[in-house]
Student: 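One structure is given below, represented as structure tokens, and several questions about it will come after.
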2 protein chains.
Amino acid sequence: MSETLDATFAALADPTRRAILTMLLEDDMAVTDVADPFEMSLAAISKHLAILTRAGLISQEKRGRVKWCKLEPDALRAASVWMQGFGQFEPVNLDAFERFLEGELGSDTAT
Amino acid sequence: MSETLDATFAALADPTRRAILTMLLEDDMAVTDVADPFEMSLAAISKHLAILTRAGLISQEKRGRVKWCKLEPDALRAASVWMQGFGQFEPVNLDAFERFLEGELGSDTAT
DNA sequence: GCTTTCGTCAACCGTTCGGTTGAATATGAT
DNA sequence: ATCATATTCAACCGAACGGTTGACGAAAGC
């Protein structure tokens, strides 16, 4: 359990990996497409994806020659709960977040 | 902001440091007392405390020859809010989401 | 004063991390 | 069959990590 937190927080400590997770929020992606926006070798991205997979934050499924990466947000729950234990701050500052979301959904309907 | 998250998550990725934070949940503590339950040199604990301080997760104040360590749970907000973003499964515009987070956390964004 | 306690600093050590390159392995397309 | 695409593997690199030890400075105690 402690090892889970180790792996989760360590995985989240890298900006490239956080960016990857954010990209996967939109949709599942192939490894090559994940790598595309980064100025870094495919092998490096492959390693980052392996770390995210080991932490359980994503899953990878090979279909044909393409390996699809899928966000597994449930893996964040343990870490989130741990942090809530320190919650002198509000669990979620949801007021602002919801206002943000409403503005978002109202203005940008392009997708 | 990205650097803040880097530092926060990296600081949280070590079980010793998480244990220290948990101890400080109870009360402020002197460095020596923090080190006491660990089977590790004082210097090592001192380094861990420096990392936690750099991440803003604790503050240290020297009174006399004793340096007191105090939990600063607000520093967890940035990380917590970031993770909450993965709990909401609306198709969010992520650029706007980033801007939202920056506005939310603007107070602690070091220059 | 001298000594003890508190804490950091500096140098070192082995391991892990984040990246590179080049070769290797599958699978798909022609 | 051949060629191209998708992805990983293996070896390597420099930097950072987590720990140790020993010396050091600053504040308290006797």
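Below, read A as the first sequence line, B as the second, and so on, with proteins coming before strands; counting in each chain starts at 1.
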Student: Rounded to the Å, how far apart are M29(A) CE and dT7(D) C1'?
Tutor: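 In whole Å, dT7(D) C1' lies 15 Å from M29(A) CE.
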
Student: Between dC17(C) atom P and F9(A) atom CZ, what is the distance in whole Å?
Tutor: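 Those two atoms, CZ and P, are 17 Å apart.
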
Student: Might you list the N or O atoms of the protein lying below 3.5 Å from N or O atoms in nucleotides 13-15 of chain D, with each pair's distance?
Tutor:
none

Student: When you look at F9(A) and R18(B), which way does the side-chain contact (heavy atoms from CB on, under 4.5 Å) test go after all the steps?
Tutor: CA-CA 11 Å; F9(A) 284 128; R18(B) 288 199 306 275; 4.0 Å; yes

Student: Quick check on side-chain contact (heavy atoms from CB on, under 4.5 Å): which of L76(B), L12(B), T16(B) does L21(B) satisfy it with?
Tutor: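 Only one of L76(B), L12(B), T16(B) forms a side-chain contact (heavy atoms from CB on, under 4.5 Å) with L21(B), namely L12(B).
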
Student: Taking only side-chain nitrogens and oxygens of S41(B), does any of them come within less than 4.0 Å of OP1 or OP2 of dT20(D)?
Tutor: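 Yes, within the criterion.
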
Student: Give the cluster check for I20(A) versus V66(A): same hydrophobic cluster or not, with ILVMFWY residues linked at side-chain heavy-atom distances below 4.5 Å.
Tutor: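 No, no single cluster joins them.
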
Student: Report the distance from atom CG of D14(B) to atom C1' of dT16(C), rounded to the nearest whole Å.
Tutor: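 Roughly 13 Å, once rounded to whole Å.
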
Student: Can you tell me how far C1' of dT8(D) sits from CZ of R54(A), to the nearest Å?
Tutor: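 Distance check: R54(A) CZ to dT8(D) C1' gives 13 Å.
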
Student: Just to verify, what does E61(B) make a salt bridge (Lys or Arg N to Asp or Glu O under 4.0 Å) with, not counting sequence neighbours?
Tutor: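 Here the qualifying residues are R63(B).
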
Student: Within less than 4.0 Å of OP1 or OP2 of dT27(C), is there a side-chain N or O belonging to R63(A)?
Tutor: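 No, no such contact exists.
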
Student: Just compare dT20(D), dG18(D), dG19(C) and give me whichever is closest to any side-chain atom of A43(B).
Tutor: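 Nearest to the side-chain atoms of A43(B), counting from C-beta on, is dT20(D).
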
Student: Just jot down the side chain to side chain contact (heavy atoms under 4.5 Å, CB included) partners of D33(B), sequence neighbours excluded, or say none.
Tutor: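 Side chain to side chain contact (heavy atoms under 4.5 Å, CB included) list for D33(B), sorted by chain: M29(B), A30(B).
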
Student: In terms of hydrophobic clustering (I, L, V, M, F, W, Y; side-chain heavy atoms under 4.5 Å; direct or indirect links), are V31(A) and L25(A) co-clustered?
Tutor: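 Yes, it is one cluster - the side chains of V31(A) and L25(A) are joined through contacts under 4.5 Å.
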
Student: Starting at atom CD1 of I51(B), determine the distance to atom C1' of dT8(C), rounded to an integer number of angstrom.
Tutor: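 Result: 14 Å.
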
Student: Taking only residues two or more places apart in sequence, or in another chain, which ones meet S41(A) in a side chain to side chain donor-acceptor pair (under 3.5 Å)?
Tutor: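 For S41(A), no residue satisfies side chain to side chain donor-acceptor pair (under 3.5 Å) once neighbours in sequence are set aside.
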
Student: Note the angle between the end axes of the helix from dG7(C)-dC24(D) to dT30(C)-dA1(D), five pairs defining each, rounded to 10 degrees.
Tutor: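 Overall, the helix from dG7(C)-dC24(D) to dT30(C)-dA1(D) bends by 20° from one end axis to the other.
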
Student: Only counting residues at least two apart or in another chain, list the ones meeting side chain to side chain contact (heavy atoms under 4.5 Å, CB included) with S80(A).
Tutor: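 Here the qualifying residues are Q84(A), M83(B), Q84(B).
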
Student: Are L42(B) and V34(B) joined in one hydrophobic group, where the rule is that I, L, V, M, F, W and Y side chains link up if heavy atoms are under 4.5 Å apart?
Tutor: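 Looking at the clustering, V34(B) is in the same group as L42(B).
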
Student: Check whether M40(B) and L24(B) end up in the same hydrophobic cluster, where Ile, Leu, Val, Met, Phe, Trp and Tyr are linked by side-chain heavy atoms less than 4.5 Å apart.
Tutor: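 Cluster IDs for M40(B) and L24(B) match.
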
Student: Rounded to the nearest Å, what distance is computed from the CD1 atom of residue I45(B) to the P atom of nucleotide dG18(D)?
Tutor: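 Taking atom P of dG18(D) as the reference, CD1 of I45(B) is at 12 Å.
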
Student: Taking only residues two or more places apart in sequence, or in another chain, which ones meet T53(B) in a side chain to side chain donor-acceptor pair (under 3.5 Å)?
Tutor: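 Counting only residues at least two positions away or on another chain, T53(B) forms a side chain to side chain donor-acceptor pair (under 3.5 Å) with Q60(B).
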
Student: For T32(A), what residues pass the side chain to side chain donor-acceptor pair (under 3.5 Å) criterion, not counting sequence neighbours?
Tutor: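 T32(A) satisfies side chain to side chain donor-acceptor pair (under 3.5 Å) with no other residue.
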
Student: Whole-Å distance between dA6(D) P and E61(A) CD?
Tutor: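 The answer, rounded to whole Å, is 18 Å.
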
Student: Roughly, in whole Å, what's the span from CD1 in I20(B) to C1' in dG19(D)?
Tutor: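 Value for this atom pair: 14 Å.
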
Student: P37(A): which residues meet the side chain to side chain contact (heavy atoms under 4.5 Å, CB included) condition with it, sequence neighbours left out?
Tutor: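 Only M23(A) meet the side chain to side chain contact (heavy atoms under 4.5 Å, CB included) criterion with P37(A).
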
Student: Mind listing the N/O atom pairs, protein and nucleotides 11-14 of chain C, below 3.5 Å?
Tutor:
none

Student: Might you list the N or O atoms of the protein lying below 3.5 Å from N or O atoms in nucleotides 5-7 of chain C, with each pair's distance?
Tutor:
residue : atom : partner : partner atom : Å
dT5(C)  : O2   : R65(B)  : NH1          : 2.8
dC6(C)  : O3'  : R65(B)  : O            : 3.3
dG7(C)  : OP1  : V31(B)  : N            : 3.3
dG7(C)  : OP1  : K67(B)  : N            : 2.8
dG7(C)  : OP1  : K67(B)  : O            : 3.3
dG7(C)  : OP2  : T32(B)  : N            : 2.6
dG7(C)  : OP2  : T32(B)  : OG1          : 2.0

Student: Could I get the full list of salt bridge (Lys or Arg N to Asp or Glu O under 4.0 Å) partners for R65(B), not counting sequence neighbours?
Tutor: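 Counting only residues at least two positions away or on another chain, R65(B) forms no salt bridge (Lys or Arg N to Asp or Glu O under 4.0 Å).
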
